[in-house]
Amino acid sequence: VQLQASGGGLVQAGGSLTLSCAASERTFSTSAMGWFRQAPGKEREFVSAIRSDGSRTYYTDSVKGRFTISRDNAKNTAYLQMNSLKPEDTAVYYCAAATGPRSYSTWYRNPLEYDSWGQGTQVTVSS
């Protein structure tokens, strides 16, 4: 699956952005989707994930209540709605797809479990 992330930009603290991740193939509907971010000098970290059918979503603690992940399988697109943005949310955001079953319950937090990655989109939150 080829992925194209978009929607990043510069926003003031407290503002909102919506990231999109468009997939090139119909296998999107059978792939779990994840969002990760990487700030300068830091490792890539898990942000959020959603099952292939959208039945469950997962978030890292620091974004719970502020970010919402969703998907539209008819449009082969996943989204990350980000509200109440903070300067510490500044990072390059990557979407990723994982196809097929995984063997442990928290696999979605591990970037190595994802098969395909988008190119990243920069999010900068000014204070």
Side-chain angles (χ1 to χ4, degrees):
V1 179
Q2 290 187 328
L3 304 174
Q4 179 76 34
S6 62
L10 173 63
V11 64
Q12 289 188 331
S16 298
L17 284 172
T18 300
L19 306 184
S20 298
C21 179
S24 62
E25 300 177 14
R26 286 180 290 179
T27 51
F28 172 84
S29 64
T30 60
S31 301
M33 296 298 296
W35 285 96
F36 290 77
R37 66 187 180 187
Q38 188 166 17
K42 295 187 177 181
E43 292 187 354
R44 191 168 297 190
E45 66 168 349
F46 168 76
V47 175
S48 183
I50 186 168
R51 288 188 176 180
S52 60
D53 61 0
S55 61
R56 287 200 66 177
T57 58
Y58 310 90
Y59 300 93
T60 193
D61 286 347
S62 63
V63 308
K64 284 180 181 177
R66 300 189 297 124
F67 291 12
T68 303
I69 191 171
S70 62
R71 64 189 298 155
D72 185 339
N73 285 350
K75 296 182 178 180
N76 288 352
T77 303
Y79 305 94
L80 185 68
Q81 172 69 43
M82 306 185 295
N83 297 328
S84 302
L85 282 162
K86 303 176 181 181
E88 51 263 44
D89 295 317
T90 295
V92 177
Y93 283 69
Y94 298 90
C95 60
T99 303
R102 298 298 192 267
S103 61
Y104 58 105
S105 61
T106 59
W107 67 266
Y108 52 86
R109 295 180 174 272
N110 184 353
L112 297 178
E113 293 286 357
Y114 289 80
D115 310 303
S116 304
W117 290 83
Q119 84 287 6
T121 184
Q122 176 71 46
V123 173
T124 303
V125 184
S126 64
S127 57

Check: F36 and P111 side chains under 4.5 Å, non-hydrogen atoms: yes
I would like to know whether D61 and K64 meet salt bridge (charged side-chain N to carboxylate O under 4.0 Å, His left out); could you show each step before the answer? CA-CA 5 Å; D61 286 347; K64 284 180 181 177; 3.1 Å; yes
Please check if the number of heavy atoms outside E45 that lie under 6.0 Å from its CD is greater than 12. yes
Can you tell if the side chain of W117 reaches within under 4.5 Å of the side chain of L3, non-hydrogen atoms only? no
Here the pair of heavy atoms bringing D72 nearest to F28 is O-CE2, 4.0 Å
Can you measure from CG (L10) to CD (Q12) and round to the nearest 0.5 angstrom? 8.0 Å
For the NZ atom of K86 and the OG atom of S62, what is their distance to the nearest 0.5 Å? 7.5 Å
Do W107 and Y114 have their ring centres less than 6.0 Å from each other? yes
Looking at Q81 and S16, what are the two nearest heavy atoms and their distance? NE2-CB, 4.0 Å
Just wondering, do R66 and M82 contact through their side chains at under 4.5 Å, heavy atoms? no
Could you state the interatomic distance from OG1 (T30) to CG (D53), rounded to the nearest 0.5 Å? 11.0 Å
Flag side-chain contact, heavy atom, 4.5 Å: T68 against Y59: yes
What pair of heavy atoms forms the shortest contact from G8 to T121, and how long is it? N-OG1, 3.0 Å
Pick from Y93, Y79, Y94: which one makes a side chain to side chain contact (heavy atoms under 4.5 Å, CB included) with L19? Y93
In short, C21 meets M33 closest at the heavy-atom pair SG-CE, 3.8 Å
Smallest separation among heavy atoms of E113 and R102, with atom names: O-NH2, 2.5 Å
Do R109 and T60 have side chains that get closer than 4.5 Å, going by heavy atoms? yes
Here the pair of heavy atoms bringing S24 nearest to V1 is OG-C, 4.2 Å
Is it the case that the side chains of Q122 and T124 hold a donor-acceptor pair, with the cut-off being a distance below 3.5 Å and no angle test? yes
Starting from F67, can I reach I69 by hopping between I/L/V/M/F/W/Y residues whose side chains sit under 4.5 Å apart? yes
Sole residue of V63, T90, V92, V123 in side chain to side chain contact (heavy atoms under 4.5 Å, CB included) with R37: V63
Check: R51 and Y58 side chains under 4.5 Å, non-hydrogen atoms: yes
Taking the side chain from E25 and the backbone from Q2, do they hold a donor-acceptor pair closer than 3.5 Å? no
